[in-house]
Amino acid sequence: MTEIYKLFLSSKNYSSKYKKYFTIYEDLFRKFRGKDITFVEIGIQNGGSLEIWKKYFGKNSKIIGVDFNPDCKKFEKDNIIVEIGSQSDPEFWDKFFLKYGMIDIILDDGGHTNHQQIITANNCIKNIKNDGLLITEDTHTSYMEQFNNPSKYSFINFAKKSIDDVNYKFPEIGYFKNSINNFVYSIEFFESIVVFKVNRERCEVNTKQDNSGISSNIKDMRFGEYLSSNIFFFKIKKII
């Protein structure tokens with residue numbers, strides 16, 4: 001049983017999480033424990049998770065909850081802050097980051113609709129510190145009818161497209177109008193969770209490096225087998 005799961009079970013206020021999430025949390029958050037970090041959770045409802053994060057990260061952490069319901073303001077206490085606003089409102093995020101500055105971790109457990117998750121990602125990623133994280137939860141909603149899915153505009157399709165965006169950092173491959181590849185160097189997928197890993201230094205243009213070793217001028221034959229036939233396409237089609 002992970003430490004976060006133990007805290008979840010003992011939390012005074014109600015909270016609801018899927019069981020598989022706790023191991024993912026532990027793996028992602030372990031290195032932040034006991035440090036002077038700012039952690040934001042979007043969607044706090046009954047306030048139970050705010051207690052969990054404060055106990056887990058420790059007394060030096062600042063925990064900020066974001067919710068659309070003004071009743072959630074009651075959960076403010078002991079370096080736990082609650083901001084009321086809509087995660088799908090870019091102006092809310094502009095004011096939020098103007099007030100709090102750069103954030104270490106943002107956990108999106110909010111409304112789970114496509115536009116809420118996508119707008120949150122687009123507005124938050126650039127305001128996350130190097131080696132920080134954006135974790136978007138409950139991405140199974142991208143496959144559910146009540147969330148107007150499946151759709152080519154689902155959050156999970158946004159995340160898949162972001163894989164292309166990260167790879168487009170390689171010179172002369174492509175370009176995205178609304179790109180995150182100056183911030184995100186890696187995207188990790190789990191069941192129902194997508195993690196964007198932020199580090200601007202690791203987003204530099206990838207340059208080829210050659211050492212000073214002796215070259216035997218061996219011919220590059222990587223395409224030789226398939227250039228004049230359809231075998232290549234037949235084999236790939238069977239795989240995918």
Side-chain angles (χ1 to χ4, degrees), residues 13-18 21 25 37-54 61-77 79-129 132-162 165 176-180 183-184 187 192-196 198:
N13 290 323
Y14 178 79
S15 182
S16 177
K17 297 283 186 183
Y18 288 98
Y21 291 4
Y25 291 151
I37 69 160
T38 301
F39 178 97
V40 175
E41 181 169 34
I42 303 162
I44 57 176
Q45 201 168 14
N46 293 290
S49 56
L50 296 179
E51 297 176 24
I52 296 169
W53 304 128
K54 186 59 185 175
S61 64
K62 179 187 289 184
I63 309 298
I64 305 173
V66 173
D67 206 285
F68 191 63
N69 189 338
D71 290 342
C72 291
K73 199 73 175 173
K74 67 181 284 187
F75 298 116
E76 280 195 330
K77 64 172 185 178
N79 211 23
I80 295 176
I81 303 164
V82 175
E83 291 287 346
I84 305 301
S86 171
Q87 71 175 115
S88 59
D89 180 5
E91 290 188 10
F92 166 77
W93 289 118
D94 287 343
K95 293 176 182 176
F96 180 90
F97 292 114
L98 185 64
K99 182 175 181 179
Y100 293 106
M102 303 287 280
I103 307 298
D104 294 278
I105 304 172
I106 298 177
L107 178 63
D108 182 359
D109 188 21
H112 308 319
T113 64
N114 296 327
H115 76 282
Q116 287 172 322
Q117 291 176 329
I118 292 171
I119 289 173
T120 297
N122 277 332
N123 284 273
C124 289
I125 283 172
K126 62 188 176 183
N127 292 291
I128 294 174
K129 295 177 184 178
L133 305 168
L134 168 66
I135 303 101
T136 305
E137 282 189 4
D138 297 345
T139 55
H140 49 258
T141 58
S142 285
Y143 305 92
M144 299 171 69
E145 186 176 353
Q146 59 263 50
F147 289 87
N148 295 315
N149 289 312
S151 163
K152 68 177 182 178
Y153 301 111
S154 70
F155 174 79
I156 208 71
N157 278 332
F158 165 83
K160 290 176 183 177
K161 190 176 180 181
S162 296
D165 188 12
F176 275 69
K177 184 178 180 181
N178 296 307
S179 177
I180 60 172
F183 308 96
V184 174
I187 304 170
S192 298
I193 287 180
V194 177
V195 181
F196 298 87
V198 175

### Query
From Lys161 NZ over to Ile118 CD1, what is the distance, rounded to the nearest 0.5 angstrom?
9.5 Å
### Task
Taking the six-membered ring for Trp and the single ring otherwise, decide whether the centroids of His115 and Tyr153 are under 6.0 Å apart.
no
### Side-chain touch Ser142/Phe155, heavy atoms, less than 4.5 angstrom
yes
### Task
Measure the spacing between SG of Cys124 and CD1 of Ile103 and express it to the nearest 0.5 Å.
8.5 Å
### Sole candidate of Ile193, Thr136, Ile135 that passes side-chain contact (heavy atoms from CB on, under 4.5 Å) when paired with Leu107
Ile135
### Task
For the residue pair Ile125 and Val198, establish whether any side-chain heavy-atom pair is separated by less than 4.5 Å.
yes
### Query
Got more than 12 heavy atoms from elsewhere within 6.0 Å of CD, Gln45?
no
### Query
For Glu41, does its backbone N or O pair with a side-chain atom of Asp108 as donor and acceptor, under 3.5 Å?
no
### Query
Using the ring of each side chain (for Trp, its six-membered ring), is Tyr18 parallel, tilted or perpendicular to His140, with breaks at 30° and 60°?
perpendicular
### Message
Looking at Lys73 and Val82, would you say the former's side chain and the latter's main chain have a donor-acceptor pair under 3.5 Å?
### Response
yes
Pairs of donor and acceptor atoms involving the side chains of residues 88-97, under 3.5 Å and at least two apart or interchain, shall be tabulated with distances.
from: Ser88; atom 1: OG; to: Ser86; atom 2: OG; distance (Å): 2.9
from: Asp89; atom 1: OD1; to: Glu91; atom 2: N; distance (Å): 3.0
from: Trp93; atom 1: NE1; to: Gln87; atom 2: O; distance (Å): 2.9

### Task
Side-chain contact test, heavy atoms from C-beta onward, threshold under 4.5 Å: evaluate it for Val40 versus Ile105 and give yes or no.
no
### Task
Quick one: sort the Trp53 and Phe39 rings into parallel, tilted or perpendicular, breaks at 30° and 60°.
tilted
### Query
Just how far is it from atom OH of Tyr100 to atom OG1 of Thr38, taken to the nearest 0.5 Å?
9.5 Å
#### Entry: Intermediate values then yes/no, side-chain contact (heavy atoms from CB on, under 4.5 Å), Leu133 and Ile106
CA-CA 6 Å; Leu133 305 168; Ile106 298 177; over 6 Å; no
### Query
Is the shortest heavy-atom distance from the side chain of Asn149 to the side chain of Asn114 under 4.5 Å?
yes
### Query
Donor-acceptor pair, Asn127 side chain versus Met102 backbone, under 3.5 Å?
no
### Verdict with reasoning, Ile81 to Ile63, per side-chain contact (heavy atoms from CB on, under 4.5 Å)
CA-CA 6 Å; Ile81 303 164; Ile63 309 298; over 6 Å; no
### Task
First locate atom CD of Gln146, then atom OG1 of Thr113, and finally report the distance between them rounded to the nearest 0.5 Å.
12.5 Å
### Task
Enumerate the residue pairs fulfilling salt bridge (Lys or Arg N to Asp or Glu O under 4.0 Å) with a member in residues 137-149, sequence neighbours excluded, ordered by first and then second residue.
Lys17-Glu137
### Task
Could you grab the distance from atom OG of Ser162 to atom CG of Asn178, nearest 0.5 Å is fine?
10.5 Å
### Query
Considering all heavy atoms of both residues, which atom of Ala159 and which atom of Val194 are nearest to each other, and what is their separation?
CB-CG1, 4.1 Å
#### Entry: Interatomic distance, Thr141 atom OG1 to Met144 atom CE [nearest 0.5 angstrom]
7.0 Å
#### Entry: Residue pairs passing the salt bridge (Lys or Arg N to Asp or Glu O under 4.0 Å) test where at least one lies in residues 112-129, sequence neighbours excluded
Asp104-Lys129
### Beyond-backbone contact of Tyr143 with Ile156, side-chain heavy atoms, under 4.5 angstrom
yes
### Query
Is the backbone of Pro150 close enough, under 3.5 Å, to the side chain of Ser154 for a donor and an acceptor to pair up by distance?
no
### Query
Do Asn157 side-chain atoms and Ser151 backbone N/O form a donor-acceptor pair below 3.5 Å?
yes
### Task
Please report the closest heavy-atom contact between Gly47 and Asn13, naming both atoms and the distance.
C-CB, 4.0 Å
#### Entry: Intermediate values then yes/no, side-chain contact (heavy atoms from CB on, under 4.5 Å), Ile84 and Asn69
CA-CA 7 Å; Ile84 305 301; Asn69 189 338; over 6 Å; no
### Task
May I have the step-by-step check of side-chain contact (heavy atoms from CB on, under 4.5 Å) for Phe196 and Ile180, ending in yes or no?
CA-CA 10 Å; Phe196 298 87; Ile180 60 172; 4.1 Å; yes
